[in-house]
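What follows is one structure encoded as structure tokens, with my remarks underneath.
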Amino acid sequence: MMAKNKEPRPPSYTISVVGLSGTEKDKGNCGVGKSCLCNRFVRSKADEYYPEHTSVLSTIDFGGRVVNNDHFLYWGDITLNGEDGVECKIHVIEQTEFIDDQTFLPHRSTNLQPYIKRAAASKLQSAEKLMYICTDQLGLEQDFEQKQMPEGKLNVDGFLLCIDVSQGCNRKFDDQLKFVNNLFVQLSKSKKPVIIAATKCDECVDHYLREVQAFASNKKNLLVVETSARLNVNIETCFTALVQMLDKTRGKPKIIPYLDAFKTQRQLVVTATDKFEKLVQTVRDYHATWKTVSNKLKNHPDYEEYINLEGTRKARNTFSKHIEQLKQEHIRKRREEYINTLPRAFNTLLPNLEEIEHLNWSEALKLMEKRADFQLCFVVLEKTPWDETDHIDKINDRRIPFDLLGTLEAEKVYQNHVQHLISEKRRVEMKEKFKKTLEKIQFISPGQPWEEVMCFVMEDEAFKYITEADSKEVYSRHQREIVEKAKEEFQEMLFEHSELFYDLDLNATPSSDKMSEIHTVLSEEPRYKALQKLAPDRESLLLKHIGFVYHPTKETCLSGQNCMDIKVEMLLASSLLQLDHGRLRLYHDSTNIDKVNLFILGKDGLAQELANEIRTQSTDDEYALDGKIYELDLRPVDAKSPYLLSQLWTAAFKPHGCFCVFNSIESLNFIGDFIGKIRTEASQIRKDKYMANLPFTLILANQRDSISKNLPILRHQGQQLANKLQCPFVDVPAGTYPRKFNETQIKQALRGVLESVKHNLDVVSPVPTNKDVSEADLRIVMCAMCGDPFSVDLILSPFLDSHSCSAAQAGQNNSLMLDKIIGEKRRRIQITILSYHSSIGVRKDELVHGYILVYSAKRKASMGMLRAFLSEVQDTIPVQLVAVTDSQADFFENEAIKELMTEGEHIATEITAKFTALYSLSQYHRQTEVFTLFFSDVLEKKNMIENSYLSDNTRESSHQSEDVFLPSPRDCFPYNSYPDSDDDTEAPPPYSPIGDDVQLLPTPSDRSRYRLDLEGNEYPIHSTPNCHDHERNHKVPPPIKPKPVIPKTNVKKLDPNLLKTIEAGIGKNPRKQTSRVPLAHPEDMDSSDNYAEPIDTIFKQKGCSDEIYVVPDDSQNRIIKIRNSFVNNTQGDEENGFSDRTSKSHGERRPSKYKYKSKTLFSKAKSYYRRTHSDASDDEAFTTSKTKRKGRHRGSEEDPLLSPVETWKGGIDNPAITSDQELDDKKMKKKIHKVKEDKKQKKKTKNFNPPTRRNWESNYFGMPLQDLVTAEKPIPLFVEKCVEFIEDTGLCTEGLYRVSGNKTDQDNIQKQFDQDHSISLVSMEVTVNAVAGALKAFFADLPDPLIPYSLHPELLEAAKIPDKTERLHALKEIVKKFHPVNYDVFRYVITHLNRVSQQNKINLMTADNLSICFWPTLMRPDFEKREFLSTTKIHQSVVETFIQQCQFFFYNGEIVEVVNTVAPPPPSNPGQLVEPMVPLQLPPPLQPQLIQPQLPTDPLGII
């Protein structure tokens, strides 16, 4: 049972490997490969395979346990797995013959038989014999594995006969074969199976192998296996085949040919090698060692497989090669990096072509070594070459090894560098030349594509030289410049038109009418047209500007960091802090003056002479003056000193004053320049505010000869300079003195310095008190425009340079406080410096006693912003206008500056305001005294302004209880209607501000009431206001019913949905609302303002009965009644106490705005209105009457911006302020009578002649067709030019003749043609739609339509013929009846329209669409006649037939069969729809684009 449970032991076989053995004489220099064969089979790993095994042993080694005095070796055992899965153990014995290393004869052993008989033995015995591994094992058995031969004996089961088929080593193959034959005979006797192993087949000799095979074939069942122990080919096959012969159950042995086995083995090795190399390639650091890497990879299967096949030595060699490759790759990359860095190094060290153009390489090297930056680019190594030093490992050191420059590569790089500089110089020159060429081409406009310009520069030399990329880059740069310039000019233009934007309220959305007004005004500007090709950008700029206007903040200021608010806050934050610290320091340093620091300035040694004279009069630098002793510290500096300015003010020496001594005109001029530099530098850098106020004293030195003729001149010039610099002048005292300086002069100068110091201490409050800084006597707002070309420092210098300036209350970052003596008392004045956009909110919401309005005399936009702001200021608040420029010379040298300064002074004169100028190059006008007169004026009116402000608040709070004084909302008179927003419109003044009784400029007789300021400007000494009644927002509250109190929106908060709101407001059709303006005087109305309308279309007041304006005959009486009711009501208001109680003591005048007081401001606002309404589009012209019947827009809580655009009429032409009521009535009757006559004349007109669309006189357009053609040129030249332009450039334009072109462009085309008939439309850069509109306008302006009225009935009858052919022939006969001139032109136009229709797949304009657009222009129907209303479709179909059958009608062609196809619908844009079948809603059309339903307009020009 126990035996059955044991697992069966695998069979065990002993194989003996035999072959030629013996002495060198017998076997030659080497063996036949028995040991290698056994080694490879038993230990197949490459590391365990030893190619060298010796049979020459010492006696000791022969007697050792491994050899054990035997002539055979025990190689150990190995277990094999067969193909059938059966294991077997094989013991390997090698029969050899060991030679004594002394005698070179075989060792003597226990078995003395010869090798042939001994090798054939089947039983072997050797006690404690150890397994053989390698030759090194002999004598060192303890260092190797020790395994004994089992039981000391083995029975041989089979023999492996080795035959060496290689060339051999001093051995004949025949002798070997003979020996083998004898050996085989002995082996056969043992009856054991034998297999021949042909060894060393990797070095095989073919005929040796064939002889072996022949030998085996002569023997029965003798197999030959071709092997190679070195390559491990068929080694295992030998033993496996022999085992199969021993074990009959295993089947017949399979012998694999050598070549096949070799290929299999090599494939195995190659695969393993590839895997190992890939594994090694994962190592990227060439510093890695084999030991480290092998330890990491030893468990990797690919590594183990390669080690087993090829061995560790090969693996290490492979790794070493890889490491060397990594190192060389690293060096190569570093070399490439250095070579690639060389151009940059050359650019750094040798950037100038002029220096190196003629230098050779060695000279260039020497030049580079002398450069200061040489060590930054190159490194000189102690050892060379660089790639064999540790420098290759210094990754962070990017410097180039200097020895690398000795290579040919480096020299080549240098030559390329020189050539590159030469070519780059030429390239830059050509690019700049090309840039100048582009600048000379005037027609290049912003946004123009390069393709349109390229054809004009093809022949340019610079263009041919540079590459296409360079030319595009230069053009892109040029485009960026002109686009940026155009955008800046466009933005500047928007600011110049500030009155157009700032006439409405904050925090609102501009109405559609307002946007139309803006576009109408701006479209006339060249700067607007300059961005024609960048319309989206232009629209974006406009929307951004509008958004900023109505929602201004310093964060969204269009000037960015140049915003006045930001710059003011930054300047005040630093300046006021330094000012306070300096004031405290000065106070503590100068409280008790006993030491005086004096800076003495002179020329040619004068300063030192004066210092010596003062020291002569002193005792140990102590000077006695007026009973007190002062210690003097003198610092004389000559004019030639290079450290003149730096010596003036140092930490150790801070002068109390400066003595400036002179004795010639040259030295006096030097002193003047020096003082100017001192004050300019102090103003710019503001190191210490008191440096700018340093007391200077001019001292005239005595002449040696008392009869000097120059002394009076010097005295006069010195006094003039002293007056200009506002400093004392010390003259030479009368009498004769031997010295240049007199004691009297020195004492007078010292007294002046001490008085100046004491005066400064008196002006400045010694130590800040706890007084609340918010207790200001006056609150002044200084306004300046963002982006003006002057520094904030300049306009604030009159305040910051003053000792009386201090910081305002905490949190008021844009304010400062002034302590000034005005009148007899010291006043605290708060100056708040704001941008104009921030001042708007202050103007509306806060109490302001006066405004200082600053503008740049170099910038029209600055004046425009000032006008816009000043127009809305209440006219009782004092205003100081300040013009800023460089110097007074600008006024005489620059006409633009002169114009703006004159305009500012003129406005100031008109509104009785102050005017002054600040000059950046002058110090005089920076003194606070410049504004003294203005502050006095403000102080005089302070009580009146504050009372007005308080009364305004009281009035607002008491409106709810004063309904008894308010007129009934049913009383329909003009002044009963004002916008709900009390910020938009105000009552006009009760007198005409620009009348005969008002003087804009003072007369000579008034000069006595004026006095000069520091600049020589005239100011009124006293100004008594005529009124006391003010609003908080500088307006008089209109006598209307108050609306509910609504919290005011924070004007400084930006609406995040601004643009969406604007676009939404634009896209909506604004509701037509009643007008809120007072009725204008009929005769004062401008004819261009479209006032020639029936009276009933002027006003239709909401809440009034419609019957008032129903009967025109009664309109006159109604108007008179309205006027009377208004006058009476006004008187009633005054009687009932509605006017302010205090107004009686201040006269009858109520406060208004400055725009009603200044003709300049007023005319500017009025001009915008006239420009807007005189250039109305055709659509507006046709819908005027309908719009007016509905009434004009009015303001509302929902849309506070829809304020009346004619508010200016209340100031100048308001009938309510007219004193003669009969004159009003006569004018109104005359107007009504004139309107009635116009109506009667209109009814009597037989033919319809529409009003001309032109607003200019023309000797071409509107003329009869016969006057415009000749026999040689039967087609009008303008028609030819338009048609040729359209067919050449825009025949495929989508919506041609349907999409309206820009009206201004259409007018410009006709205007330009009027002036020059040879003008090219291409050069005008207009759109195809504009040309198409101009062409249609030409036919619309003809006195008679192109298709005569007389033929309309015949065309109508012919169109009703049912048979197509008959109908076409009838129409053809009618066409022949046209006047010859009309016929030629009609044929030309219809032929052109036919060509357009042929492109309908692209332009979407079929004959049907074209006829819809063109039939009203060609036939010009009168829709007032009822018969036209029912035949419009027939007329359209007639024109459509003419277009379709053009060849038949005019060129004797065949009739075209027309398929009724429906063209793709045009884009669903309401601004582009054409609806010809609604004639009852439209006036007679002049152009196809006018035949539209009343759809929302597109004032932004997006469509």
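Positions are given from 1 along the sequence.
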Beyond-backbone contact of [X] with [Y], side-chain heavy atoms, under 4.5 angstrom:
| X | Y | answer |
| --- | --- | --- |
| M785 | M564 | no |
| P798 | L918 | yes |
| P552 | I840 | no |

For this session: Verify side chain to side chain contact (heavy atoms under 4.5 Å, CB included) between I795 and I852, making sure each step is shown before the conclusion.
Result: CA-CA 10 Å; I795 62 174; I852 300 176; over 6 Å; no
For this session: Tell me, with the steps shown, if Y851 and C783 meet side chain to side chain contact (heavy atoms under 4.5 Å, CB included).
Result: CA-CA 7 Å; Y851 288 101; C783 307; 4.2 Å; yes
Looking at [Y], is its backbone amide N or carbonyl O close enough to the side chain of [X] to form a donor-acceptor pair, meaning the two atoms are under 3.5 Å apart?
| X | Y | answer |
| --- | --- | --- |
| T902 | K898 | yes |
| K941 | G850 | no |
| H849 | R779 | yes |
| Y1154 | I877 | yes |
| N894 | D890 | no |

Exercise. Under a 4.0 Å N-O cut-off, is there an ion pair linking D819 with R828?
Worked result: yes
Exercise. Is it true that E910 and K1157 have a side-chain N and a carboxylate O under 4.0 angstrom from each other?
Worked result: no
Taking atom [atom1] of [X] and atom [atom2] of [Y], what is their separation to the nearest 0.5 Å?
| X | Y | atom1 | atom2 | value |
| --- | --- | --- | --- | --- |
| M865 | C786 | CE | SG | 8.0 Å |
| R859 | I897 | CZ | CD1 | 14.0 Å |
| L571 | I833 | CG | CD1 | 9.0 Å |
| L558 | H837 | CG | NE2 | 8.0 Å |
| L778 | L847 | CG | CG | 10.0 Å |
| R827 | F935 | CZ | CZ | 13.0 Å |

Exercise. When you look at L572 and L796, which way does the side chain to side chain contact (heavy atoms under 4.5 Å, CB included) test go after all the steps?
Worked result: CA-CA 9 Å; L572 293 184; L796 295 186; 4.0 Å; yes
Exercise. Pick from L881, V882, D937, V938: which one makes a side-chain contact (heavy atoms from CB on, under 4.5 Å) with K914?
Worked result: D937
Exercise. Testing V854, L1161, L853 for side-chain contact (heavy atoms from CB on, under 4.5 Å) with L866, which one passes?
Worked result: L853
Exercise. Side chain to side chain contact (heavy atoms under 4.5 Å, CB included) between L698 and L721: does it pass, once the steps are laid out?
Worked result: CA-CA 9 Å; L698 300 187; L721 180 62; 4.0 Å; yes
Looking only at heavy atoms, what is the nearest atom pair of [X] and [Y], with distance?
| X | Y | answer |
| --- | --- | --- |
| F915 | E905 | CE1-N, 3.5 Å |
| I945 | P878 | CD1-CD, 3.6 Å |
| F729 | Q748 | O-NE2, 4.1 Å |
| P695 | H656 | CD-O, 3.2 Å |
| G864 | S498 | O-CB, 3.5 Å |
| T553 | F548 | O-CE1, 3.5 Å |

Problem set entry | Residue K942 excluded, over 12 heavy atoms near NZ under 6.0 Å | yes
For this session: Give a yes or no on this: more than 12 heavy atoms of other residues, nucleotides or ligands lie within 6.0 Å of atom NZ of K860.
Result: no
For this session: Sequence neighbours left out, what pairs pass ring pair (Phe, Tyr, Trp, His ring centres under 6.0 Å) with at least one residue falling in residues 871-894?
Result: none
Problem set entry | Residue list, salt bridge (charged side-chain N to carboxylate O under 4.0 Å, His left out) with D565, at least two apart or on another chain | none
Problem set entry | Residues that K858 engages under salt bridge (charged side-chain N to carboxylate O under 4.0 Å, His left out), provided they are two or more places apart | D886
Exercise. Can you name the residues that form a side-chain contact (heavy atoms from CB on, under 4.5 Å) with E903, not counting sequence neighbours?
Worked result: M863, R867, L900, I907, T1160
Exercise. For N562, which residues count as a side-chain hydrogen bond (donor to acceptor under 3.5 Å, both in side chains) partner, sequence neighbours excluded?
Worked result: none
Problem set entry | Contacts of type ring pair (Phe, Tyr, Trp, His ring centres under 6.0 Å), residue Y836, not counting sequence neighbours | F869
Exercise. Can you name the one residue among S862, S559, S856 that meets side-chain hydrogen bond (donor to acceptor under 3.5 Å, both in side chains) with D788?
Worked result: S862
